[in-house]
Amino acid sequence: MTAIHNSNALQAAKKVVRAHHASLDAALPGESARALAAHTAPDWRWMGMHPFHEITGAENVARAFWDPLKSALRPLQRRLDLFIAGHNDIDSGASVWVASMGHLMGLLDDAWLAIPATGKIAMLRYAEFHRVADNQIAETALFIDIPHLMIQAGIDPWPQATAMHLVQPGPMNHQGILFDPQAPEEGATTLALINAMIADLGTWKLGIPLEDELRRTWHEDMIWWGPAGIGATYTIPRYAQQHAAPFRAGFANRSTTNHLARIGEGAFGGFFGWPNFMANPTGGFMGMPGSETPGPFRVVDFYRRSGDKLSENWVFIDLLHFWASQGVDVLANATANSQQ
């Protein structure tokens with residue numbers, strides 16, 4: 001775990017990202033490229049979920065993602081639930097990342113990605129990580145829960161969820177927006193706990209019952225806010241029953257965990273990978289068929305620590321990308337079926 005904590009660097013990075021949000025949120029459809037270019041590097045690397053993947057430069061990101069979204073879901077409003085910054089534990093603190101989470105809300109008045117218009121309010125759940133360098137955003141990972149938007153439009157792409165999916169709330173204590181400096185020891189404690197949890201999770205081979213494994217780092221009344229298709233679950237026993245056990249049973253040959261960024265600030269922390277790990281869906285999952293083909297899991301996790309245990313976890317998984325690796329285009333199939 002990195003011991004670096006430069007409060008001035010973190011606050012400067014937050015200032016860049018807040019200005020980026022303000023510029024982008026104020027931009028009308030067709031104005032996104034200018035807004036994005038104001039605070040991103042010329043060779044800005046943007047990592048998006050399926051079907052967007054990796055794009056370079058503000059103009060290309062605007063054309064592929066932001067302008068079409070702003071034209072369909074309007075007027076677009078950012079509803080922020082979490083905002084943190086930190087030195088990257090993966091590169092021993094050499095890079096600074098700012099992460100946030102919430103919903104992009106608007107009226108779904110036009111189709112987007114073949115998801116039909118509803119004329120009603122819609123909430124697009126998002127999480128993002130920005131690497132800030134030289135007072136610019138050099139890299140961004142933006143995770144959005146496209147299947148949840150599909151469900152709001154009357155299209156349920158998944159045959160079987162193991163838990164319940166909702167419009168996910170922010171932290172229970174409403175203290176996740178850390179615009180101001182935080183005590184470095186609090187972030188270090190949070191990051192150490194996340195690292196301990198990852199060490200347990202990354203093997204699935206502790207040789208103890210699953211619930212006892214979880215109790216090493218989680219509060220008994222933990223809340224796991226998962227993506228559409230898996231859902232949210234509450235308390236260690238129900239999390240084990242409704243997600244952890246089915247997931248472990250459904251996948252084999254899980255690779256080691258690899259993250260691009262892992263940070264902690266105050267009582268909050270998070271990470272993402274591109275991908276985080278590989279696994280084979282040998283047992284099937286979410287009602288989907290089993291396979292011996294390894295597939296990539298791109299995942300964002302955010303955590304809230306309460307005392308010496310983790311109490312809340314918000315999870316974003318690029319499930320559309322994973323199933324595409326298995327030869328199943330969930331987005332195309334579901335939207336095509338809805339139009340028949």
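On a predicted model such as this, the values are computed, not experimentally measured, just so you know. By convention here, the first residue in the shown sequence is residue 1.
Taking the side chain as every heavy atom from C-beta outward, Arg131 and Asn88 never approach each other to under 4.5 Å. When side chains are defined from C-beta on, Pro294 does not count as touching Asn253, because their heavy atoms never get closer than 4.5 Å. Using a 4.5 Å cut-off on side-chain heavy atoms (C-beta onward), Glu265 and Glu186 make no contact. Taking the side chain as every heavy atom from C-beta outward, Leu193 and Asp308 never approach each other to under 4.5 Å.
The shortest heavy-atom contact between Arg215 and Ile236 is CG-CD1, 3.5 Å. His50 and Arg298 get closest at one heavy-atom pair: N-NH1, 4.4 Å. Across Gln152 and Ala122, no two heavy atoms sit closer than the pair OE1-CA, 3.3 Å. The shortest heavy-atom contact between Ala267 and Thr190 is CA-OG1, 3.4 Å. Scanning all heavy atoms of the two residues, the minimum distance from Ala153 to Leu108 falls at CB-CD2, 4.3 Å. Contact between Ile137 and His20 at its shortest, heavy atoms only, is CD1-CG, 3.6 Å.
Remark: side-chain polar atoms of His243 are not paired, donor with acceptor, to backbone N or O of Ile230 under 3.5 angstrom. Remark: side-chain polar atoms of Asn195 are not paired, donor with acceptor, to backbone N or O of Ala192 under 3.5 angstrom. A side-chain donor-acceptor contact under 3.5 Å links Asp145 to the backbone of Ala228. In this structure a side-chain-to-backbone donor-acceptor pair under 3.5 Å is missing from Asp134 to Gln136. Listed for the Ser255 side chain is a donor-acceptor partner under 3.5 Å among the backbone atoms of Met278. A donor-acceptor contact shorter than 3.5 Å is absent between the side chain of Asp212 and the backbone of Ile208. For the pair Asp91 (side chain) and Ser95 (backbone), a donor-acceptor distance under 3.5 Å is present. Using modelled atom types, no side-chain atom of Asp318 and backbone atom of Phe143 make a donor-acceptor pair closer than 3.5 Å. Put simply, the side chain of Gln242 never gets that close to the backbone of Ala240: no donor and acceptor are under 3.5 Å apart. In terms of modelled atom types and a separation under 3.5 Å, the side chain of Ser311 and the main chain of Arg304 share a donor-acceptor contact.
Two different hydrophobic clusters hold Ile151 and Met49 under the rule that ILVMFWY side chains link at heavy-atom gaps under 4.5 Å. Hydrophobic clustering of Ile, Leu, Val, Met, Phe, Trp and Tyr side chains at less than 4.5 Å, counting indirect connections, keeps Ile194 apart from Val96. In the hydrophobic clustering of this structure, Ile90 does not group with Val299; members are Ile, Leu, Val, Met, Phe, Trp, Tyr whose side-chain heavy atoms approach within less than 4.5 Å, directly or through other members. Phe179 and Val16 fall within a single hydrophobic cluster, where Ile, Leu, Val, Met, Phe, Trp and Tyr side chains are chained together by heavy-atom contacts under 4.5 Å. Both Leu80 and Ile144 sit in one connected hydrophobic cluster of ILVMFWY residues. Membership requires side-chain heavy atoms under 4.5 Å apart, directly or through other members.
Separation of the Phe83 and Phe268 ring centroids does not fall under the 6.0 Å cut-off. Aromatic pair Phe316/Tyr126: centroids not less than 6.0 angstrom apart. Taking the six-membered ring for Trp and the full ring otherwise, Phe297 and Phe247 have centroids separated by under 6.0 Å. Less than 6.0 angstrom separates the ring centroid of Phe251 from the ring centroid of Phe322. Aromatic pair Trp46/Phe65: centroids less than 6.0 angstrom apart. Taking the ring centroids of His130 and Trp97, they lie at or beyond the 6.0 Å cut-off.
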Please assess His148 against Leu124 for the test side-chain contact (heavy atoms from CB on, under 4.5 Å), listing each intermediate value before the final yes or no.
CA-CA 7 Å; His148 185 223; Leu124 181 57; over 6 Å; no

Please walk me through it: do Leu191 and Tyr303 pass side-chain contact (heavy atoms from CB on, under 4.5 Å)?
CA-CA 10 Å; Leu191 191 55; Tyr303 299 88; over 6 Å; no

Kindly indicate, with the supporting measurements, whether the criterion side-chain contact (heavy atoms from CB on, under 4.5 Å) is fulfilled by Leu113 and Ile146.
CA-CA 9 Å; Leu113 299 178; Ile146 295 172; 3.9 Å; yes

Using the side chain to side chain donor-acceptor pair (under 3.5 Å) rule, take Asp301 and Asn313 through it: C-alpha gap first, then chi angles, then the decisive distance, then the call.
CA-CA 7 Å; Asp301 275 74; Asn313 181 197; 3.0 Å; yes

Can you list the steps and then say if Leu36 with Leu24 is a side-chain contact (heavy atoms from CB on, under 4.5 Å)?
CA-CA 6 Å; Leu36 293 170; Leu24 179 59; 3.9 Å; yes

Start with the C-alpha gap between Glu211 and Arg238, add the side-chain angles, then the distance that decides, and say whether salt bridge (charged side-chain N to carboxylate O under 4.0 Å, His left out) holds.
CA-CA 10 Å; Glu211 292 184 17; Arg238 293 300 171 88; over 6 Å; no

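Residues Arg248 and Glu213 are paired through a salt bridge, judged by an N-O separation under 4.0 Å between the basic side chain and the carboxylate. The pair Lys70-Asp67 does not count as a salt bridge, with every side-chain nitrogen at least 4.0 angstrom from each carboxylate oxygen.
More than 12 heavy atoms of other residues, nucleotides or ligands lie within 6.0 Å of CZ in Arg78, so this atom counts as buried by the packing criterion. Around the CZ atom of Arg18, the shell of radius 6.0 Å holds no more than 12 heavy atoms that belong to other residues, nucleotides or ligands. Summarising the local packing, OH of Tyr234 is surrounded by 12 or fewer heavy atoms from other residues, nucleotides or ligands at distances under 6.0 Å. Within a 6.0 Å radius of NZ in Lys15, other residues, nucleotides and ligands contribute 12 heavy atoms or fewer.
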Would you be so kind as to tabulate the donor-acceptor pairs closer than 3.5 Å made by side chains of residues 54-63, with sequence neighbours excluded?
residue	atom	partner	partner atom	Å
Glu54	OE1	Arg45	NE	3.0
Glu54	OE1	Arg45	NH2	3.4
Glu54	OE2	Arg45	NH2	3.2
Glu54	OE2	Trp274	NE1	2.9
Glu59	OE2	Arg63	NH2	3.0
Asn60	OD1	Arg63	NH1	3.0
Asn60	ND2	Thr56	O	2.9

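Side-chain contact of Trp44 with Glu139: a donor-acceptor pair under 3.5 Å is absent, judged by distance alone. Under 3.5 Å, the side chains of His21 and Glu128 contain a donor-acceptor pair of N or O atoms.
Asp109 CG to Thr118 OG1: the interatomic distance, rounded to the nearest 0.5 Å, is 7.5 Å. Annotation: the span from Asp180 atom CG to Ile177 atom CD1 amounts to 11.5 Å, rounded to 0.5 Å. Separation of atoms NE2 (His103) and CD (Gln168) is listed at 6.5 Å; rounding is to 0.5 Å. Rounded to the nearest 0.5 angstrom, Gln326 CD and Thr293 OG1 are separated by 5.0 Å. Taken from CZ in Arg262 to CG in Asp89, the straight-line distance is 6.0 Å, to the nearest 0.5 Å. Here the CG-OG1 distance, from Leu310 to Thr217, works out to 5.5 Å after rounding to the nearest 0.5 Å.
None of Val98, Ile263, Val17 except one satisfies the side chain to side chain contact (heavy atoms under 4.5 Å, CB included) rule with Phe129; the exception is Ile263.
Through chains of ILVMFWY side-chain contacts below 4.5 Å, Leu107 is grouped with Met105, Ile121, Met123, Val167.
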